[in-house]
Amino acid sequence: MSALPAVIDGRDKRKNPMNIFAQIRELITTTLDTMVQDGTLPDGLNFDPITAEPPRDAAHGDMATNAAMVLAKPAGMKPRDIADALAAKLTSDARITSAEVAGPGFLNLRLAPSVWQAVAKTVLDEGTAFGRGTVGNGLKVNVEYVSANPTGPLHVGHTRGAVFGDALASLLDFAGFDVTREYYINDGGAQVDVLARSVYLRYQEAHGQEVAFPDGTYPGDYLIEVGEALKAKVGDDYLDKGEQYWLEDVRTFATEKMMDLIRSDLKALGVEMDVFYSEKSLYGTGLIEAALKDLKDKGLIYEGVLEPPKGKKPEDWEPREQTLFRSTDHGDDVDRPVMKSDGGWTYFAPDIAYHYDKVQRGFDLLIDVFGADHGGYVKRMKAAVSALSDGKVPLDIKLTQLVKLFKNGEPFKMSKRAGTFVTLRDVVDQVGPDVTRFVMLTRKNDAMLDFDFDKVLEQSRENPVFYVQYAHARVASVLRKAADAGIATDDATLAAADLSLLDHDSELLLLRKLAEWPRLVETAARTNEPHRVAFYLYELAGDFHGLWNKGNEVTSLRFIQEGDPATSQAKIALARATAIVIAAGLGILGVNPAEEMR
RNA sequence: GGACCAUUAGCUCAGCUGGAUAGAGCGCUGCCCUCCGAAGGCAGAGGUCAGAGGUUCGAAUCCUCUAUGGUCCGCCA
């Protein structure tokens with residue numbers, strides 16, 4: 001069910017030279033090749049399902065391969081026989097210190113410490129580019145997110161969508177995709193008329209008039225200054241005039257102001273879009289017509305009458321003939337109207353045109369990030385893109401679930417009507433963009449998220465933001481102290497250190513964790529799940545803190561060894577490599593690494 | 001009536017697209033800190049992976065059904 005095309009979802013796990021698991025997997029497959037050549041194994045075996053992964057239980061070794069089990073059946077051999085033969089050959093490689101057959105036919109490998117020690121050098125050589133992947137293969141991907149209506153400031157729900165979409169875009173970029181970040185401005189529908197009328201009321205108010213906000217207008221305070229700005233622009237020209245006189249102007253004016261507001265909200269969160277795409281710009285250009293003609297030419301547009309929705313019966317429901325898109329041909333449950341009975345487009349029509357345009361722009365992959373309340377829209381959108389691209393361009397739609405806000409452990413609700421509206425600004429102003437972003441990424445996008453204003457600022461192990469930042473800050477502290485002690489700690493010097501000195505279990509544990517980074521990036525990118533990065537960083541920080549804490553008792557594990565600059569440099573190299581990977585990971589999440597904690 | 005998502009330790013959640021004895025934090029139990037790196041550390045208890053079938057060497061993971069919770073379901077965006 002992967003959203004990725006076969007070219008990138010394929011089994012070529014050998015691509016990233018920095019991925020130690022990919023390296024060993026290649027060693028395994030080439031070894032198997034030689035076994036085919038010398039007749040140990042039959043010809044024509046498929047090596048694709050073979051994996052080289054870290055075992056769950058570290059006691060099983062550094063890496064495990066399922067090769068023997070996967071090949072047993074097609075080769076017509078016993079798993080153990082294959083495993084034994086493979087093990088004998090693998091141990092002749094300098095990197096493999098032992099290969100044991102275990103369980104049903106697993107081959108557990110232990111790697112020489114030098115393999116892990118070399119990881120630190122690689123990290124120092126590559127810097128934050130370590131782990132940059134090639135799975136993306138340079139494919140063009142469009143990530144659309146936020147896309148909030150331009151009728152007010154962004155609220156908490158948008159914040160999660162913004163953070164998720166942005167981190168996903170960065171992750172895909174890091175994994176080697178050519179990413180475009182895009183925001184679709186819904187400025188073509190009735191809601192911008194409502195906005196215009198609401199602004200007009202504030203405009204009247206700015207002229208000293210008494211106004212009331214009827215149902216169906218936006219009473220929010222944020223429009224007061226827009227009304228005043230309108231007054232500053234047009235004076236009293238629009239006063240006491242009919243709607244036909246001012247509506248269009250005010251709509252444009254208000255929409256621009258709202259987009260300014262939204263842009264500044266996004267900026268406060270550190271989100272920068274490549275493209276703002278206006279729904280309005282679709283009208284009058286023939287694009288909607290072209291998109292629908294494309295569907296019509298494929299026989300997917302017809303006039304018809306839909307069944308009434310079951311379960312819930314709208315009182316005024318009556319059968320009407322509409323122009324429908326045969327989305328059921330592409331996996332939807334019912335066909336969807338593209339034109340209202342009065343001849344106007346439905347909301348769906350410009351959406352189709354917008355995605356048609358994305359396909360035309362040559363993207364290889366589309367991703368839409370929606371709020372969970374748009375879940376009902378997923379199938380029809382996928383159907384549309386499938387039809388428009390003849391199934392060639394996959395569309396993955398990621399839904400972000402609700403954010404439940406807490407303060408002092410007490411939930412508080414937000415309601416547009418009551419004016420208790422928690423905005424993106426409220427959140428960012430209180431806890432800062434870094435904490436906001438990290439916390440919002442500590443949950444899968446499709447799981448509900450609890451956000452407690454107090455807990456996210458706590459400085460303890462419970463708080464992953466703090467815990468990860470603290471690890472980075474500790475490294476910075478080590479580097480400062482090393483400098484005071486006159487030890488050279490530039491990355492080039494550290495990379496040249498004698499890393500074979502890093503032979504303690506705790507050090508090797510941390511090195512192994514660092515080695516997982518490239519592989520994690522691939523997985524996270526393939527599944528479109530940036531939260532994996534956040535969890536990895538938490539684990540990495542945990543291993544680092546663990547090593548640090550051991551230094552309390554075992555002084556030989558401390559990063560700075562007095563009077564022994566060579567050993568110090570090796571250990572600092574490990575610390576610095578950890579900081580580099582943390583910085584790279586935080587970079588994907590859009591969080592600044594801390595140099596010190598106060 | 002239907003669709004989508006969720007259901008894993010007392011609580012909040014991971015679980016690397018099918019691997020071995022299912023993990024983390026909190027909470028709980030026990031131990032450890034005069035100082036040198038404790039805004040802590042070490043150890044332990046705690047599970048029918050919602051339930052029932054199925055697929056296969058092997059399932060928390062894939063398929064079917066059921067239960068519970070959330071979101072949504074014609075001309076609103």
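Convention: sequence-line order gives letters A, B, ...; per-chain numbering from 1. The shown structure was predicted, so the numbers you read here are calculated from the model rather than taken from an experiment.
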Next on the checklist: Distance check needed: rG25(B) C1' versus E458(A) CD, whole Å only.
Outcome noted: 12 Å
Checklist entry - How far, in whole Å, is rG1(B) from rC65(B) if one measures between their P atoms? => result 15 Å
Item to check | C1' atoms of rC16(B) and rG74(B), separation to the nearest Å | outcome: 43 Å
Item to check | Spacing of E462(A) atom CD relative to rC11(B) atom C1', expressed in whole Å | outcome: 11 Å
Checklist entry - Between rA77(B), rG74(B), rG19(B), which nucleotide gets closest to the side-chain atoms of Q322(A)? => result rG74(B)
Checklist entry - Donor-acceptor pair under 3.5 Å: do we get one between R519(A)'s side chain and the base of rC16(B)? => result yes
Next on the checklist: Given rA77(B), rG74(B), rU17(B), identify the nucleotide with an atom nearest to the side chain of T527(A).
Outcome noted: rU17(B)
Next on the checklist: For the backbone of V334(A) and the side chain of T328(A), can you confirm whether one donor and one acceptor N or O come within less than 3.5 Å of each other?
Outcome noted: no
Item to check | Exercise: do D368(A) and H355(A) side chains pair donor with acceptor under 3.5 Å | outcome: yes
Next on the checklist: Of the options rA39(B), rU17(B), rU12(B), whose atoms approach the side-chain atoms of R443(A) most closely?
Outcome noted: rU12(B)
Checklist entry - In terms of the angle between their ring planes, are Y467(A) and Y538(A) parallel, tilted or perpendicular, with boundaries placed at 30° and 60°? => result tilted
Checklist entry - For atom P, what is the distance between rC62(B) and rU7(B), given to the nearest Å? => result 11 Å
Checklist entry - Do any side-chain nitrogens or oxygens of N549(A) fall under 4.0 Å of OP1 or OP2 in rG41(B)? => result yes
Checklist entry - CG of L402(A) versus C1' of rC72(B): gap in Å, rounded? => result 12 Å
Checklist entry - rA77(B), rC16(B), rG19(B): which one has an atom nearest the side-chain heavy atoms of N66(A)? => result rG19(B)
Checklist entry - What is the nucleic acid contact for Y347(A), judged by heavy atoms within less than 4.0 Å: base, sugar-phosphate only, or nothing? => result base
Item to check | Residue whose closest nucleotide on RNA chain B lies nearer the 5' end, T442(A) versus N186(A) | outcome: T442(A)
Checklist entry - Hey, does the side chain of K73(A) come within less than 4.0 Å of rC57(B)'s phosphate (OP1/OP2), counting only N and O? => result yes
Next on the checklist: Between rU48(B) and rU61(B), how many Å separate the two P atoms, rounded to a whole number?
Outcome noted: 16 Å
Checklist entry - Which part of the nucleic acid, if any, lies within reach of D332(A) when heavy atoms closer than 4.0 Å are counted: base, sugar-phosphate only, or nothing? => result nothing
Checklist entry - Would K513(A) and E539(A) pass as an ion pair if we require N to O under 4.0 Å? => result yes
Next on the checklist: Give me the atom names and distance for the closest heavy-atom approach of V192(A) to T255(A).
Outcome noted: CG1-OG1, 4.0 Å
Checklist entry - Is D193(A) salt-bridged to R251(A), going by a charged N under 4.0 Å from an acidic O? => result yes
Checklist entry - Between F370(A) and H374(A), what is the ring plane arrangement, given parallel below 30°, perpendicular above 60°, and tilted in between? => result tilted
Checklist entry - Rounding to the closest angstrom, what is the interatomic distance between rC42(B) and rG27(B) at atom P? => result 15 Å
Next on the checklist: Quick test of your reading of the model: are R480(A) and E595(A) salt-bridged, counting only N-O distances below 4.0 Å?
Outcome noted: no
Next on the checklist: Please pick, from rA20(B), rG19(B), rC5(B), the nucleotide with the shortest atom-to-atom distance to any side-chain atom of D446(A).
Outcome noted: rC5(B)
Checklist entry - If you find the nucleotide of RNA chain B closest to L449(A) and the one closest to R558(A), which residue's nucleotide is nearer the 5' end? => result L449(A)
Item to check | C1' atoms of rA45(B) and rU29(B), separation to the nearest Å | outcome: 7 Å
Checklist outcome for this item: When rounded to whole Å, the NE2 to P distance for the pair H374(A) and rC76(B) reads 15 Å
Checklist entry - At under 4.0 Å, does any side-chain N or O of R336(A) touch on OP1 or OP2 of rC73(B)? => result no
Checklist entry - Under 4.0 angstrom, heavy atoms only, what part of the nucleic acid is E539(A) near: base, sugar-phosphate, or nothing? => result nothing
Next on the checklist: What's the closest nucleotide to the side chain of Q401(A) if the choices are rG19(B), rA39(B), rG70(B)?
Outcome noted: rG70(B)
Checklist entry - Has H531(A) got a side-chain N or O lying under 4.0 Å from the OP1 or OP2 atom of rC16(B)? => result no
Item to check | Euclidean distance, atom CD of residue E553(A) to atom P of rC35(B) [Å, nearest integer] | outcome: 14 Å
Checklist outcome for this item: Of the candidates rA20(B), rG74(B), rU17(B), the side chain of F106(A) sits closest to rA20(B)
Next on the checklist: Determine whether a donor-acceptor pair (N or O, by modelled atom type, separation under 3.5 Å) exists between the side chain of D62(A) and the backbone of L111(A).
Outcome noted: yes
Checklist entry - May Y470(A) be described as stacking on the base of rA39(B), applying a 5.5 Å centroid limit and a 30° limit on plane angle? => result no
Next on the checklist: Please find the pair of heavy atoms, one from N549(A) and one from R474(A), that lie closest to each other, and give the distance.
Outcome noted: OD1-NH1, 4.3 Å
Checklist entry - Given atom CG of N463(A) and atom P of rU12(B), what is their separation to the nearest angstrom? => result 18 Å
Checklist entry - Rounded to the nearest Å, what distance is computed from the NZ atom of residue K455(A) to the P atom of nucleotide rG25(B)? => result 16 Å
Checklist entry - Shortest non-hydrogen contact from S278(A) to D187(A)? => result OG-OD2, 2.7 Å
Item to check | K444(A) side-chain N/O to rC13(B) phosphate OP1/OP2 under 4.0 Å | outcome: no
Item to check | Bracket notation of RNA chain B in which parentheses pair within the strand, [ ] cross earlier pairs, and | pairs with another strand (Watson-Crick or G-U, under 3.5 Å) | outcome: (((((((..((((.....[...)))).(((((.......))))).....(((((..]....))))))))))))....
Item to check | Value in whole Å for how far the P atom of rA24(B) lies from NZ of K513(A) | outcome: 12 Å
Next on the checklist: Once you apply a heavy-atom cut-off of 4.0 Å, does A190(A) come out as touching a base, just sugar-phosphate, or nothing?
Outcome noted: sugar-phosphate
Checklist entry - Looking at rA24(B), rG15(B), rC72(B), which one has an atom nearest to any side-chain atom of Y538(A)? => result rA24(B)
Checklist entry - Which of the following nucleotides, rG70(B), rU71(B), rG74(B), is nearest to the side chain of M448(A)? => result rG70(B)
Next on the checklist: Measuring from the side chain of P337(A) (C-beta onward, heavy atoms only), which nucleotide among rU17(B), rA20(B), rG74(B) has the closest atom?
Outcome noted: rG74(B)
Next on the checklist: Please classify the nucleic acid contact of A64(A) as base, sugar-phosphate, or nothing, using heavy-atom distances under 4.0 Å.
Outcome noted: base
Checklist entry - Counting any heavy atom closer than 4.0 Å, what does F559(A) reach on the DNA or RNA strands: base, sugar-phosphate only, or nothing? => result base
Item to check | Integer angstrom distance from the C1' of rG25(B) to that of rU8(B) | outcome: 15 Å
Item to check | Spacing of the C1' atoms in rG54(B) and rG47(B) (rounded, Å) | outcome: 24 Å
